[in-house]
Undergrad: 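Please find one structure pasted underneath; my questions will follow.
Numbers restart at 1 for each chain; the letters A, B, ... are given by sequence-line order, proteins then strands. Predicted model only: the values in this text are computed from it and were never measured.
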Amino acid sequence: MRRFSISSLLAEAFNAHRGWPRQWRSPEPKPKYDVVIVGGGSHGLGTAYYLANEFGITNVAVLEKGWIGGGNSGRNTTIIRSNYLYDESAALYEHALKLWETLSTQLNYNTMYSARGVLMLAHSVHDVQSFKRHIYANRLNGIDNEWLTPEQCKAFCPALSISPDARYPVMGGALQRRGGTARHDAIVWGYARGADSRGVDIIENCEVTGFSRAQDGSISGVETSRGQIQTRRVGVVAAGHTSVVLGRAGLRLPLESFPLQALVSEPVKPVFPCVVMSNAVHAYISQSDKGELVIGAGTDQYTSYSQQGGLHITSHTLDAICELFPQFRRMRMMRSWGGIVDVTPDRSPIIGRTPIDGLYVNCGWGTGGFKATPGSAHVFAHTLATGTPHPINAPFTLDRFRTGRLIDEAAAAAVAH
Amino acid sequence: MLLITCPYCGARPEIEFRGGGEAHIARPSDPAAVDDQSWAEYLYYRSNPKGVHAERWLHVHGCGRWFNAVRNTVSDSFEQTYRMGEPRPDATKERR
């Protein structure tokens, strides 16, 4: 791996950038690996990176059905924050946020993490009380989150309308200043490059079609579209297709897959300095460095793998955007798309073992997996490497649906998070 | 937006309906007798198939009645809708 530095950039600048090597190899699958990761999105590639970098396990394959970063890693709205209500979630997302802060340096790859602040708007007395409760809970957990009056919201985000004539007037907001955005492709490519340089094989166009089991029932390998691969440990990180992949091992999960849509506008000059989300009216907006407004819509009400959702879902979100930011009423939307998100009943992820020995799963990130990428990958790598969960992901077991120890962010946040 | 055929009212736009998740999940007849895992499976575990799916719908802004539907989750096209209490039709063939 050739490192990026000011000298290497300058040298390449004088060489018309023709000297850069490929960022990762495209190897043939080997017959046997210590660990196989199923799913080449950012969570899966990050897991492979941390396995190699922190736990010294380099005989690892990442198997990807399509191309890396082609699923939800390339379909999200790139928002990062950690102001979750419950202690378990706060610890997990804060772990991720701390890793985000130094990730570009660690990977030697610019992830374009930008702590521009995430502002969540309150539109009712209930919102105000709930957000203040979140703020106090966050502060007890050492996570920054502060209350802004409507005027302070307006000062922080000048595009925002705080008119009392609005259908749902802004009554204040909760601001996490360390929240922000990062570049979704860069995180995929940065992890891929880092993992590959440490010996991890990234194998694209390789779908896992089945699992083979040893006599004692534990995992002995995976069957793929590119042949059989032996391994004793498999980590499934397949997002919306987790039910499908684990169904091939005979498992049923507390998951449902829904389409979640997003859209971007035509690119314009910098007009929007932060991230604003409003759960009550369902608006979710930021501006990419390319200049497009990036808008997140809600999930459809039915399970689907179609990677597209109903138009009324996006138009509902745009209604709210136009109400909150009247200056965007004449903006044109360029593209919209859908990703398939796997949602658990309590809206918290499942990270850990399955009933099958040697088979681990990291799923259920629902509508909010991007922000957690480094933390999710790190604790999952720990789990795969040691066979026991990291203290941070210990509460996020599959077994919690049996014991009843749910981490009910669904009740805490009510909508997309 | 989906066009959904309510077995009572006919074809109506999706915004008149509320999705109710997977159909034909029977509540254990003697809840005290089942173990925690079976109860968790009843409450939370879902088949979530990529393909043909039997699911419940409520015509909330119409007749107000529940019914079942068989839909393909890849194409989102409905194969059939049928009344509560009727058995799941044998709709295993894929239609695009």
Undergrad: Taking atom NE2 of A:His312 as the centre, does the number of heavy atoms from other residues, nucleotides or ligands within less than 6.0 Å exceed 12?
TA: yes
Undergrad: Is it the case that over 12 heavy atoms from other parts of the model lie below 6.0 angstrom from the CZ atom of A:Arg405?
TA: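 Atom CZ in A:Arg405 is not packed in, count stays at 12 or less.
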Undergrad: Taking everything shown except A:Arg75 itself, do over 12 heavy atoms lie less than 6.0 Å from its CZ?
TA: yes
Undergrad: Side chain, backbone, both or neither: which part of B:Asp76 has an atom under 4.5 Å from a heavy atom of chain A?
TA: side chain
Undergrad: Could you tell me whether the side chain of B:Thr73 reaches within less than 4.5 Å of the side chain of A:Tyr302, counting heavy atoms only?
TA: no
Undergrad: Contact part of A:Leu255 toward chain B, heavy-atom cut-off under 4.5 Å: side chain, backbone, both or neither?
TA: both
Undergrad: Do B:Tyr45 and A:Leu251 have side chains that approach each other closer than 4.5 Å (heavy atoms only, starting at C-beta)?
TA: no
Undergrad: To the nearest 0.5 Å, what is the distance between CG (A:Leu311) and CD (B:Glu14)?
TA: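 Here the rounded value is 11.0 Å.
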Undergrad: Counting only N and O atoms by type, is there a donor-acceptor contact under 3.5 Å from the side chain of A:Gln301 to the main-chain atoms of B:Ile15?
TA: no
Undergrad: Going by heavy atoms in the side chains, are B:Arg46 and A:Pro254 under 4.5 Å from each other?
TA: no
Undergrad: Let's test your reading of the structure: which of A:Ser304, A:Gly247, A:Ser243 forms the most heavy-atom pairs below 4.5 Å with chain B?
TA: A:Ser304
Undergrad: Which one wins on heavy-atom pair count under 4.5 Å against chain B: A:Leu253, A:Thr344, A:Val244?
TA: A:Leu253
Undergrad: Show the nearest heavy-atom pair for residues A:Glu256 and B:Gly21, with the distance to one decimal.
TA: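 Smallest interatomic distance, heavy atoms only, reads OE2-CA, 4.2 Å.
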Undergrad: Are A:Arg400 and B:Tyr44 side-chain neighbours, meaning at least one heavy-atom pair lies under 4.5 Å?
TA: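 A:Arg400 vs B:Tyr44: side chains apart.
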Undergrad: Side chains of B:Asn48 and A:Tyr305, heavy atoms from C-beta outward: is any pair under 4.5 Å?
TA: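 Yes, their side chains come closer than 4.5 Å.
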Undergrad: Any non-hydrogen side-chain atom of A:Thr303 less than 4.5 Å from a side-chain atom of B:Arg71?
TA: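 In short, these two side chains touch, coming nearer than 4.5 Å.
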Undergrad: Looking at A:Gly309, A:Gly310, A:Ser257, A:Gly404, which has the largest count of heavy-atom pairs under 4.5 Å with chain B?
TA: A:Ser257
Undergrad: Tell me which of these, B:Glu55, B:Arg18, B:Glu41, has more heavy-atom pairs under 4.5 Å with chain A than the rest.
TA: B:Arg18
Undergrad: Checking heavy atoms, do the side chain of B:Pro49, its backbone, both or neither come under 4.5 Å from chain A?
TA: backbone
Undergrad: Can you say whether B:Leu43 sits under 4.5 Å from chain A via the side chain, the backbone, both, or neither, judging by heavy atoms?
TA: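 Looking at B:Leu43, nothing touches chain A.
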